[in-house]
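Below is one structure, written out as structure tokens; comments come after it.
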2 protein chains.
Amino acid sequence: MNDRQRARYQARADILKALAHPTRLFVVEELSRGERCVCELTEMVGADMSTVSKHLALLKRAGIIVDDKRGSQVFYTLRMSCVLNFLSCAEKVLKADARDRAAAAR
Amino acid sequence: MNDRQRARYQARADILKALAHPTRLFVVEELSRGERCVCELTEMVGADMSTVSKHLALLKRAGIIVDDKRGSQVFYTLRMSCVLNFLSCAEKVLKADARDRAAAAR
DNA sequence: GCCGCACTTGGCGAGTTGGCCAAGCGGCCA
DNA sequence: TGGCCGCTTGGCCAACTCGCCAAGTGCGGC
């Protein structure tokens, strides 16, 4: 694995890393239903607004969501909706594991 | 977000986290071409064998790959090949970013 | 049995992440 | 213009990650 290759994999890993957090997955799924302001997301997540804001900044830097300032509010929108496909695969992994554990227990 | 929901998102996040590392992405892609033993992967990655072994253990625990001990060697195989779809989406994100940056610079 | 090989595990240091608190910043209304 | 509101940023600490080294395990050949 040379430097060029490593950089390519690093770039992809950064995107996955941006999604690899329960709060951020929740936000992505919620944004898939339409735009939301920080205050709405904060309430849904149930954490400090500063914490949510940092998660949003991270997702934005990764290019997954975009922000739109309107007056004193900031609305976020999902930009790369294909990330939702990740979740269906993750679900498959979980289901396969559950099946295997059940089979092993039997 | 209640505890039950949080657990669901946590489980998904764990799978994404398992993939969110350049070395592990490389391994996954390599295994998509067929089974490989630890020594082969170690050489390709160019890191210590103990390091590679830990990455493999992590991917295995996440349910993404499976191992098959044969004599003194251990061969790993991709179990959830759908994770490859992740990469095509990651690529899309990167392309979109490159395009936007080019547009902004213009 | 014992050595060597392939691999895993434990441990350590350096760097990163995630949460809250507190402070800062910009828009809006009185 | 002063103060509130929505949001972001900086600081801090605890927890986690990643890499290497060293030690341990288990199979196979001599």
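All of these numbers come straight from a predicted model, not from anything done at the bench.
Listed by residue number, the members of residues 15-24 of chain A with any heavy atom below 4.0 angstrom from DNA chain D form an empty set. Using a 4.0 Å cutoff on non-hydrogen atoms, the parts of residues 28-60 of chain B near DNA chain D are B/Ala47, B/Asp48, B/Ser50, B/Thr51, B/Lys54, B/His55, ordered by number.
Note on A/Phe75: nothing from the nucleic acid sits closer than 4.0 angstrom, heavy atoms only.
When base pairs are accepted only as Watson-Crick or G-U wobble with both N-N or N-O distances under 3.5 Å, DNA chain C takes part in stems of 3 or more pairs at C:1-30 with D:1-30.
Under the 4.0 Å criterion applied to side-chain N and carboxylate O atoms, B/Arg61 and B/Asp14 are not assigned as salt-bridge partners.
The two residues A/Asp67 and A/Lys60 come nearest to each other via the heavy atoms OD2-NZ, 3.2 Å. Across A/Tyr76 and A/Leu31, no two heavy atoms sit closer than the pair O-CD2, 3.4 Å. Considering every non-hydrogen atom in both A/Ala18 and A/Leu59, the closest pair reads O-CD2, 3.6 Å.
With sequence neighbours excluded, the residues satisfying disulfide bond (SG atoms under 2.5 Å apart) with B/Cys82 are A/Cys89. Every residue two or more places apart in sequence or in another chain that forms a salt bridge (Lys or Arg N to Asp or Glu O under 4.0 Å) with A/Arg70 is listed here: A/Glu35, A/Asp68. Scanning for salt bridge (Lys or Arg N to Asp or Glu O under 4.0 Å) contacts around A/Lys54 gives an empty result, with sequence neighbours left out. With sequence neighbours left out, A/Arg36 forms a salt bridge (Lys or Arg N to Asp or Glu O under 4.0 Å) with A/Glu30.
Within the structure, the side-chain hydrogen bond (donor to acceptor under 3.5 Å, both in side chains) test picks out the following pairs touching residues 81-95 of chain B (sequence neighbours left out): A/Arg12-B/Glu91. The side-chain hydrogen bond (donor to acceptor under 3.5 Å, both in side chains) contacts involving residues 16-25 of chain B comprise B/Arg24-B/His55, where partners must be two or more places apart or lie in separate chains. Within the structure, ring pair (Phe, Tyr, Trp, His ring centres under 6.0 Å) contacts touching residues 22-47 of chain A (residues at least two apart or in different chains) are A/Phe26-B/Tyr9.
Within 6.0 Å of CZ on B/Arg79 lie more than 12 heavy atoms contributed by other residues, nucleotides or ligands. Few gaps surround CZ on B/Arg33; more than 12 heavy atoms of other groups in view lie less than 6.0 Å from it. The number of heavy-atom neighbours closer than 6.0 Å to CD of B/Glu43, taken from other residues, nucleotides and ligands shown, is 12 or below.
Annotation: the span from B/Leu16 atom CG to A/Ile15 atom CD1 amounts to 12.0 Å, rounded to 0.5 Å.
Summarising the geometry, the separation between CD1 on A/Ile65 and C1' on D/dT8 is reported as 14 Å, rounded to the nearest angstrom. Rounded to a whole Å, the CZ atom of B/Arg61 is 13 Å from the P atom of D/dC16.
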In B/S/- notation, 5' to 3', how is nucleotides 24-30 of chain D contacted by protein heavy atoms closer than 4.0 Å?
---SS--
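The nucleotide range of DNA chain C contacted by chain B, defined by atoms under 4.0 angstrom from heavy atoms of the protein and reported 5' to 3', is C/dA6 to C/dG11.
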